[in-house]
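Note sheet for the following structure.
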Amino acid sequence: MMSQYQLDKLDKRILEMLSVNARIPFLEIARENNVSGAAVHQRIQKLTSAGVIKGFETLINPAALGYETCAYIGFFLANPSDSERVTKALYEIPEVVELHYATGKYDLLVKLYAHNNSHLLQLIHDRLQPLGAGRTETLISFKEEFRRPIPVKI
């Protein structure tokens, strides 16, 4: 699906503009690229259908909602066949915002937000450890210095 979709210059320009500002009006994209608003709308629909655009999101400052601690937790599964069950259980924990299957040191890598270190300890003890991980390793992020979209080469 995605690998078969060939991006042209207009597709890449649309992706670049949306990655900078997902709320940019389609008509502004159209004006900047000398095409019609309908053409931009159709392109975005095609990019979405092809799986190139996965969606649009609103980025919320976690601290504004009282989540002061960001942590990355590496899971060493006691039994790798438990990965699907553990994945489903992690999805049910609202503080878990990302989950990745990983190579190397960990089987799974989780990103989560907690209100503070005490809340993080409670999440680890009450919600994560009972999932059956052989063990976990936690890294706390002091500060997100920057976050950016994947580069779109035109």
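All values derive from a computational prediction rather than experimental measurement.
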Under a 4.5 Å cut-off applied to non-hydrogen side-chain atoms, are Cys70 and Lys111 in contact?
yes

Hey, is the main chain of Gly66 close enough, under 3.5 Å, to the side chain of His115 for a donor-acceptor pair?
yes

Supply the atom-to-atom distance Arg31 CZ to Asn33 CG, rounded to the nearest 0.5 angstrom.
11.5 Å

Lys12 and Lys153: which non-hydrogen atoms are nearest, and at how many Å?
CD-O, 2.9 Å

Shortest non-hydrogen contact between Gly37 and Leu27, atoms and distance:
CA-CD2, 3.8 Å

Worked verdict on Arg127 versus Glu92 for salt bridge (Lys or Arg N to Asp or Glu O under 4.0 Å):
CA-CA 10 Å; Arg127 304 289 305 272; Glu92 297 301 319; over 6 Å; no

Using a 3.5 Å distance criterion without hydrogens, assess whether the side chain of Asp107 forms a donor-acceptor pair with backbone atoms of Leu77.
yes

Looking only at atom types and distance, does a side-chain atom of Asp82 sit under 3.5 Å from a main-chain N or O of Arg85, one as donor and one as acceptor?
no

What do the steps show when you test Lys88 against Glu84 for side chain to side chain contact (heavy atoms under 4.5 Å, CB included), and what is the final call?
CA-CA 6 Å; Lys88 287 179 181 174; Glu84 187 175 335; 3.3 Å; yes

Answer yes if Val86 and Leu109 sit in the same cluster of Ile, Leu, Val, Met, Phe, Trp and Tyr residues linked by side chain heavy atoms under 4.5 Å apart, and no otherwise.
no

Check whether any side-chain heavy atom of Leu120 sits under 4.5 Å from a side-chain heavy atom of Ile140, and report yes or no.
yes

Suppose the criterion is salt bridge (Lys or Arg N to Asp or Glu O under 4.0 Å): which pairs have a residue in residues 57-71, not counting sequence neighbours?
Glu57-Arg147

Would you call Glu137-Lys105 a salt bridge at under 4.0 Å N-O?
yes

Kindly list each side-chain donor-acceptor pair under 3.5 angstrom involving residues 39-47, sequence neighbours excluded, with atom names and distances?
unit_1: Arg43; atom_1: NH1; unit_2: Asp8; atom_2: OD1; d: 2.8
unit_1: Arg43; atom_1: NH1; unit_2: Asp8; atom_2: OD2; d: 2.9
unit_1: Arg43; atom_1: NH1; unit_2: Asp11; atom_2: OD1; d: 2.9
unit_1: Arg43; atom_1: NH2; unit_2: Asp8; atom_2: OD2; d: 3.1

Group every Ile, Leu, Val, Met, Phe, Trp and Tyr by side-chain heavy-atom contacts under 4.5 Å, then state whether Val52 and Ile24 land in the same group.
yes

Count I, L, V, M, F, W, Y as connected when their side-chain heavy atoms are under 4.5 Å apart, and connections chain through other members. Are Ile124 and Tyr113 then in the same cluster?
no

At what distance, to the nearest 0.5 angstrom, does OG1 of Thr69 lie from CG of Asn117?
4.5 Å

Asn21 CG to Glu16 CD distance, which is reported to the nearest 0.5 Å:
12.5 Å

To the closest 0.5 Å, what do you measure between OH (Tyr5) and OG (Ser49)?
9.0 Å

same_hphob_cluster(Leu99, Leu112) at 4.5 Å side-chain heavy-atom cutoff:
yes

Should the heavy atoms of other residues, nucleotides or ligands under 6.0 Å from CZ of Phe56 be counted, would the total exceed 12?
yes

Are more than 12 heavy atoms, taken from residues, nucleotides or ligands other than Ile150, located less than 6.0 Å from that residue's CD1 atom?
no

Going through the distances and angles, do Tyr101 and Thr87 end up as a side chain to side chain contact (heavy atoms under 4.5 Å, CB included)?
CA-CA 9 Å; Tyr101 285 95; Thr87 297; 3.0 Å; yes

Lys54 vs Thr48 side-chain heavy atoms within contact, under 4.5 Å:
no

Would you please test Leu7 and Leu15 for side chain to side chain contact (heavy atoms under 4.5 Å, CB included) and show each step?
CA-CA 10 Å; Leu7 299 174; Leu15 291 172; 4.2 Å; yes

Expected list for residues 128-136: side-chain donor-acceptor pairs under 3.5 angstrom, two or more places apart:
none

Taking Leu121 as the starting point, is it possible to reach Ile93 by hopping between hydrophobic residues whose side chains are less than 4.5 Å apart?
no

Given the rule in the side chain to side chain contact (heavy atoms under 4.5 Å, CB included) test, do Tyr67 and Glu95 qualify, once you have shown the distances and angles that lead to the verdict?
CA-CA 9 Å; Tyr67 291 94; Glu95 292 86 354; 4.1 Å; yes

What is the minimum heavy-atom distance between Tyr106 and Gly74, and which atoms define it?
CD2-CA, 3.4 Å

